[in-house]
Each structure stands twice: as C-alpha cells, then as structure tokens.
**Student:** 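Just passing along the structure, written as structure tokens.
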Amino acid sequence: MLVDEDGERVELDAFEATLLLELTRGLEPATVSACPGCRSRVVAVVAFLDLLRDALAHERALELTELAEEAPTLHLYVADLASDCEHHGWRDPLSDEWADAFAELPPVGRLAP
Ligand SMILES: [Zn+2]
C-alpha cells in the first residue's frame with residue numbers, strides 16, 4: 001500500500017506489489033529510508049515517478065503516477081502489508097514521518113469515493 005501525506009492511497013494486492021517491486025528494482029533508486037526488517041519504506045516522489053516510467057506495463061501504473069503527481073510533499077510512504085514486522089529496527093527520523101502518515105489514515109471502508 002502506498003499513501004501520501006494527505007492520506008490518499010493506492011492499495012496493491014500481493015501480486016501487484018511483487019510486480020511493482022520487480023519493475024522498479026525494488027524501489028531502491030527512489031528509497032530515502034527503509035525498514036531493515038521488511039519492505040516498508042519512504043520514497044522520494046520525483047525518483048518514484050522516474051521509476052514508474054519503466055513500469056508502465058503495470059496495470060496500476062496510472063493510478064500510482066496520479067498519487068505521486070498529486071502528493072502534497074516530496075515523499076510517499078510504502079507499507080509492506082505482507083509482513084507483520086513492527087519496524088523496531090527502523091530508527092531513522094523518517095520512520096516517524098512514515099508512521100504518522102499511516103496513523104492518520106481514515107478507517108478502511110470510510111474513504112470518499
Ligand atoms: Zn518493518
């Protein structure tokens with residue numbers, strides 16, 4: 001799942017998430033901070049948009065591009081939903097920013113259309 005500072009989000013299923021990571025070299029070139037225990041990370045919007053240009057075959061690429069283009073800050077936040085990691089090893093200050101982005105998410109099912 002990817003969210004921006006406003007809580008706008010794109011949720012990928014396991015297959016889509018794996019494919020995205022394959023097409024974007026694991027998002028590594030765009031990553032500014034990552035949890036050492038899972039695939040959760042903070043990515044830079046500009047570099048992420050560059051990576052998406054190589055991932056146009058991905059069926060959610062358009063949605064992801066829109067999310068990144070409309071992001072209010074320079075960062076997007078990626079949560080590894082397949083992991084039950086609690087990110088205790090992630091001590092970068094950006095991990096707090098990451099946690100805040102998810103803490104403010106409206107409950108699932110109550111999003112505006
Ligand atoms: Zn983690």
Side-chain angles (χ1 to χ4, degrees):
M1 162 157 86
L2 292 94
V3 304
D4 71 15
E5 182 67 27
D6 280 349
E8 291 294 322
R9 61 175 133 173
V10 173
E11 223 165 313
L12 302 177
D13 65 28
F15 173 78
E16 289 168 343
T18 304
L19 183 62
L20 180 70
L21 289 169
E22 262 174 41
L23 291 170
T24 58
R25 284 167 279 158
L27 289 173
E28 286 303 332
T31 299
V32 290
S33 177
C35 179
C38 67
R39 296 182 299 184
S40 295
R41 64 192 61 236
V42 179
V43 296
V45 164
V46 176
F48 181 61
L49 281 168
D50 274 348
L51 283 174
L52 282 176
R53 269 183 230 125
D54 298 331
L56 290 178
H58 197 289
E59 59 182 300
R60 310 293 294 277
L62 188 62
E63 246 177 291
L64 292 167
T65 302
E66 277 172 12
L67 178 73
E69 281 179 342
E70 287 164 17
T73 63
L74 295 175
H75 291 152
L76 282 179
Y77 309 96
V78 183
D80 185 350
L81 299 181
S83 164
D84 50 15
C85 173
E86 290 182 19
H87 321 302
H88 292 311
W90 193 6
R91 304 201 174 274
D92 196 292
L94 283 173
S95 71
D96 293 334
E97 198 181 301
W98 180 93
D100 284 349
F102 288 95
E104 287 162 16
L105 272 188
V108 175
R110 292 189 50 210
L111 282 180

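Whatever order the structure lists ligands and atoms in, that order sets their numbers, starting from 1. All values reported here derive from a predicted model rather than from experimental measurement.
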**Student:** Donor-acceptor pairs are to be reported for all side-chain atoms of residues 30-44 against protein atoms at under 3.5 Å, with residues two or more places apart or in another chain.
**Tutor:**
from: Thr31; atom 1: OG1; to: Leu27; atom 2: O; distance (Å): 2.8
from: Thr31; atom 1: OG1; to: Arg41; atom 2: NH1; distance (Å): 2.8
from: Ser33; atom 1: OG; to: Trp90; atom 2: NE1; distance (Å): 2.8
from: Arg39; atom 1: NE; to: Asp80; atom 2: OD2; distance (Å): 3.4
from: Ser40; atom 1: OG; to: Asp80; atom 2: N; distance (Å): 2.9
from: Arg41; atom 1: NE; to: Arg39; atom 2: O; distance (Å): 3.2
from: Arg41; atom 1: NH1; to: Glu28; atom 2: OE2; distance (Å): 3.4

**Student:** Using 2.8 Å as the cut-off, note every protein N, O or S atom close to the Zn ion (ligand 1).
**Tutor:**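 Under 2.8 Å from the Zn ion (ligand 1) - ignoring waters, which are not counted - the protein N, O or S atoms are Cys35 SG, Cys38 SG, Cys85 SG, His87 ND1.
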**Student:** What residues join Leu56 in its hydrophobic cluster, counting side-chain heavy atom gaps under 4.5 Å, either direct or through other members?
**Tutor:**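 Taking Ile, Leu, Val, Met, Phe, Trp and Tyr as members, Leu56 stands alone, with no cluster partners.
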**Student:** Before giving the answer on side chain to side chain contact (heavy atoms under 4.5 Å, CB included), spell out for His75 and Trp98 the whole-Å C-alpha distance, their side-chain angles and the decisive distance to 0.1 Å.
**Tutor:** CA-CA 9 Å; His75 291 152; Trp98 180 93; over 6 Å; no
**Student:** Check step by step if side chain to side chain contact (heavy atoms under 4.5 Å, CB included) holds for Glu69 and Leu49.
**Tutor:** CA-CA 8 Å; Glu69 281 179 342; Leu49 281 168; 4.0 Å; yes
**Student:** Begin from the C-alpha positions of Val10 and Arg60 and carry the test side chain to side chain contact (heavy atoms under 4.5 Å, CB included) through to its verdict.
**Tutor:** CA-CA 9 Å; Val10 173; Arg60 310 293 294 277; 3.8 Å; yes
**Student:** Please list, chain by chain and in numerical order, all residues satisfying side chain to side chain contact (heavy atoms under 4.5 Å, CB included) with Arg25, sequence neighbours excluded.
**Tutor:**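 Side chain to side chain contact (heavy atoms under 4.5 Å, CB included) check on Arg25 returns Pro29, Leu51, Asp54.
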